[in-house]
Protein chains: 2
Amino acid sequence: MATPANPSGDGARATLAQVAARAGVSPSTASLAFSGAGPVADETRERVLAAARELDYGGPDPRARSLRTGRSGIIAVVMEDRIRVAFRDPMVVTLLDGIADEIGTAGYSLLLLTDSLERAEGGLRDAPMDAALLLGCSTDLDPAVKVLSQRQVPLIGVEAEPRLGMHLVDIDNREGMRAGAQHLHDLGHRRVGTITLPMDREHTRGPLDPEWVERSVAYTGLERLAGVRDVFPDAPAVVAAGSLIEEGLVAARALLDAHPDLTAIIGQSDLLALGAIQAIEERGMRVPDDVSVLGFDGARIDGLTSHRLTTVVQPGVEKGRAAARLALAALAGEPVESVVFRTELRRGDTTAAPRTA
Amino acid sequence: MATPANPSGDGARATLAQVAARAGVSPSTASLAFSGAGPVADETRERVLAAARELDYGGPDPRARSLRTGRSGIIAVVMEDRIRVAFRDPMVVTLLDGIADEIGTAGYSLLLLTDSLERAEGGLRDAPMDAALLLGCSTDLDPAVKVLSQRQVPLIGVEAEPRLGMHLVDIDNREGMRAGAQHLHDLGHRRVGTITLPMDREHTRGPLDPEWVERSVAYTGLERLAGVRDVFPDAPAVVAAGSLIEEGLVAARALLDAHPDLTAIIGQSDLLALGAIQAIEERGMRVPDDVSVLGFDGARIDGLTSHRLTTVVQPGVEKGRAAARLALAALAGEPVESVVFRTELRRGDTTAAPRTA
DNA sequence: AACGCCGATCGAATCGATTCGACAGGCGAA
DNA sequence: TTCGCCTGTCGAATCGATTCGATCGGCGTT
C-alpha cells in the first residue's frame with residue numbers, strides 16, 4: 001500500500017494518545033504541542049508533530065475537544081424560510097455575509113438552520129452550537145427561542161421583537177420609514193399605498209387585517225407600517241407573502257386595483273418595491289412620472305439596471321457584523337448590549353413630484 | 001426565583017445522570033428513555049421525562065453524544081467564494097436548497113464553510129462534520145481535499161474534477177454546451193465568442209490563456225469551453241473573474257472590442273450571459289436581432305423580465321439532492337456511485353438567426 | 001549557599017453521554 | 001414442569017481529548 005503507515009490498519013483514525021505514545025511523551029504534552037497552550041520544548045514539539053505525520057494524524061478530534069472544552073466552535077443562524085426563498089432576499093445574504101465574515105475571523109463556523117421543522121429533530125434541538133442568531137423579520141420565534149434558551153444557548157435576535165433573555169440588533173424601522181414617507185410627502189404626494197412584509201406565521205396575502213396591527217405579531221413589518229402611517233395615517237396597505245419581487249407584483253396589483261388614484265407606493269423591502277414597479281409598468285404607467293416608488297433595505301441587487309430605486313438604506317453588513325460580535329461577546333462572558341443602527345434615505349430616480357393632474 | 005427548580009444553582013445545565021438520579025433510574029435507562037432505542041416501560045419513561053422537566057433538562061448534550069457515537073449530525077458545504085459573492089449566483093443557491101432539503105429531512109444540519117481561509121483555523125480543520133460537499137466550479141480544491149481526507153471525512157464533489165477518494169455529482173458539461181453551440185450553428189451563426197468561468201485560483205480576467213487549457217486547472221470551465229469549441233473550434237474566449245452579471249458585462253465588452261463581427265455570445269453561466277446582454281445593449285445593438293446570447297444553468301433568476309434567456313438547463317435542485325444523498329449513503333456505509341445528470345437546451349428569445357448582412 | 005521561580009513534563013480526573021453484556025422475572029410452548 | 005425467550009433495567013467501559021496540580025531540574029538572586 002502506498003498510504004501512510006498506520007499501525008492499526010487503515011480505517012481507524014489515530015488518536016492523540018497514540019501519537020503521544022509514538023513520540024514518547026504523555027498525552028498531556030502532546031495536547032500542548034498541538035494547541036500551543038503551555039510551554040513545550042521545541043525539540044519535543046517537533047517529535048510530536050513528526051509522530052503525527054507518521055500516523056497521518058490530522059489534529060485533535062473536534063468532537064472530543066468540544067465535549068471537554070464545552071465549545072463547539074459553531075454559531076448557528078436560524079432563518080424562517082427555506083434556503084431557496086430566504087437567499088433570494090439580498091438583505092438576508094448581506095446580513096449573512098457580515099455574520100460569516102465576523103465569526104470566521106474569530107475562528108467560528110456558521111451553521112444554517114430553519115426554525116420550521118419541529119418534526120425533523122435534527123436541527124434546533126440536536127445540533128451543536130455555542131450561540132444562535134435569529135434572523136429575519138420572523139413572525140413567530142417562540143418555539144425556537146424556547147428550545148434554544150432551554151439549551152442555554154446565548155441568543156441574538158436580528159430584527160426581532162424585544163424578548164426576554166435575547167439580545168438584539170435592530171434598526172430604527174419606524175423612524176427610517178417615516179423619513180422615507182416624509183420624503184414623498186415633501187414631494188407633494190398625498191395618496192400613498194404600502195406593501196408590507198408577511199404579518200402572520202402562515203404568510204397570508206391580502207389587504208392588511210387591522211386586527212394584526214393590534215395583536216402585534218410581526219415586529220418589523222408593523223414598525224415600518226407605523227412609520228408610513230406617521231405621515232400618511234390612512235395609507236392603504238396590502239400584505240405580501242414574502243420579501244420577493246413577484247410578491248410585490250401581486251400586492252401592487254391589488255393595491256392599484258383597489259386604489260387607482262395612488263400617486264406613490266411604498267414597499268417594506270426593495271424587492272417588494274421592484275415588484276411594484278413591474279405592476280405599474282405593466283399597466284402602461286411610468287415610474288416615477290405616474291407613480292413614485294420607495295423601497296427599504298438598500299442592499300445591492302444584482303442585475304438591476306433600469307432604475308435606481310429610492311430607498312431607505314440600512315447597513316446590512318454592519319448589522320450582520322454587529323450581531324456576530326454580540327454573540328462572540330456573550331461567549332466571552334463580556335457584557336452584551338443591544339445595538340440599534342440608523343437608516344438613511346437614498347434618493348434614486350423612482351420618486352418625483354406627483355403629476356399635477 | 002420564578003425559574004424552574006435547579007438544584008445546583010441556575011447557571012449549570014443539568015446532566016442526564018442527574019435526571020436519572022432524580023427519576024430513580026440508572027443513566028443507561030434514562031438514555032434509552034430519551035433516545036427511544038431499546039425497550040423502556042411507559043411508566044419509567046414518564047418518570048424520566050418528568051424529572052427532566054423539573055430540572056429544565058433539554059435533552060442530551062450534542063457534544064457528548066457526538067463524541068460517543070462518532071456522529072455530529074453535521075454535513076459541511078465548502079464553497080470557494082465568500083458568502084456574498086457565492087450567493088449572488090442563483091445556481092449556488094439552488095444547489096444549496098436541494099442539499100439542505102435532503103439532509104434536513106435526514107436529520108442533519110448544514111455547515112457553511114469557505115475553503116480559502118487557511119489562516120483562520122476555525123474551518124475545515126476544526127469544525128465537526130460527518131461529511132463534506134465541495135461546491136462550485138472550484139479552481140483548486142487540493143488544500144481542502146487534503147485536510148478533509150486526512151480527517152477521514154467522506155467527500156462529495158459537485159462539479160469537481162475527478163479526483164482520488166472523492167465521489168462526484170456532475171452534469172454533461174461538454175455535451176450540454178455542445179448542444180447549445182450546435183443550436184447557434186443551426187441558426188446560421190459562424191462567428192461566436194464565449195465568456196468563461198474563472199480559470200485560475202486568482203480569478204484572473206482577460207483573454208483565455210491557451211496555456212490554461214493545457215494545464216487543466218478549472219474543470220467545469222474547461223469542459224464547457226470544449227463543448228463550444230467542438231462546434232466552433234476557433235471561438236474566441238474571454239475569462240471572467242466570477243459568475244456575476246457585471247463580470248459578464250466586462251468580459252463581453254472585451255469580446256466585442258476585439259471581435260466586433262461576432263453574431264453570438266455564449267456565457268458559461270446565465271449571469272455571464274445576462275452581462276453580455278447588457279454589454280450588447282449598451283452599444284445600441286439588440287438581442288437577438290444583432291447578437292444572439294446563450295447561457296448555461298437555467299436557474300431561476302428573480303426579477304429578470306426583459307428577456308427569456310436561451311440557455312442550457314441543468315437540474316440544480318436535483319443535483320443538490322443527489323450530492324446530499326451520496327453523502328448520506330457514504331455515512332450509512334452503503335456503496336456510493338457518482339452521478340452524472342443530463343442537461344437540456346431551453347429556447348428563449350435571446351437567440352435567432354444572424355442578420356444576413 | 002540557600003531559596004524561589006520558571007520551564008518542561010507527566011498523571012489522573014473529567015466532560016456527558018451511549019452501549020454492550022449481564023441479570024432478573026414473567027410468560028408461553030413443549 | 002421446565003426450558004428458553006423476551007422485556008426492562010442496570011453497571012461499567014468507552015469515546016478522545018483538555019487541564020489542573022504535582023514533580024523535578026536548572027538557573028538567577030541576594
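The analysis underlying the following values was restricted to heavy atoms, covering all of them including side chains, and did not include hydrogens, waters or symmetry mates. Model, not experiment: these values are computed from the prediction. Naming: A, B, ... by sequence-line order, numbering from 1 per chain.
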Specify the angle, to 10°, made by the local axes at the two ends of the helix from C:dA1-D:dT30 to C:dA30-D:dT1 when five pairs are taken at each end. 30°
Those residues at least two apart in sequence (or on a different chain) that pass side chain to side chain donor-acceptor pair (under 3.5 Å) with A:R321 are A:D101, A:E102
Tell me every residue that passes salt bridge (Lys or Arg N to Asp or Glu O under 4.0 Å) with B:D61, counting only those two or more places apart in sequence or in another chain. B:R63
Which residues pass the salt bridge (Lys or Arg N to Asp or Glu O under 4.0 Å) test with B:E337, not counting sequence neighbours? none
Take the protein atom CD of B:E43 and the nucleotide atom C1' of D:dT7, then report the distance between them rounded to whole Å. 15 Å
Each nucleotide in nucleotides 10-16 of chain D should get exactly one letter: B, S or -. Can you fill that in based on protein heavy atoms under 4.0 Å? BBBBBBB
Please enumerate all residues that pass side chain to side chain donor-acceptor pair (under 3.5 Å) together with A:T69, with sequence neighbours excluded. none
In Å, rounded to the nearest 0.5 Å, how long is the span from CG of B:L95 to CE of B:M79? 11.0 Å
Partners of A:S28 by side chain to side chain donor-acceptor pair (under 3.5 Å), sequence neighbours excluded? A:S26
Just the rounded figure in Å: distance from P of C:dG7 to CZ of A:R45. 14 Å
Side chain to side chain donor-acceptor pair (under 3.5 Å) filter on A:T15, not counting sequence neighbours, yields none
Who are the salt bridge (Lys or Arg N to Asp or Glu O under 4.0 Å) partners of B:R151, not counting sequence neighbours? none
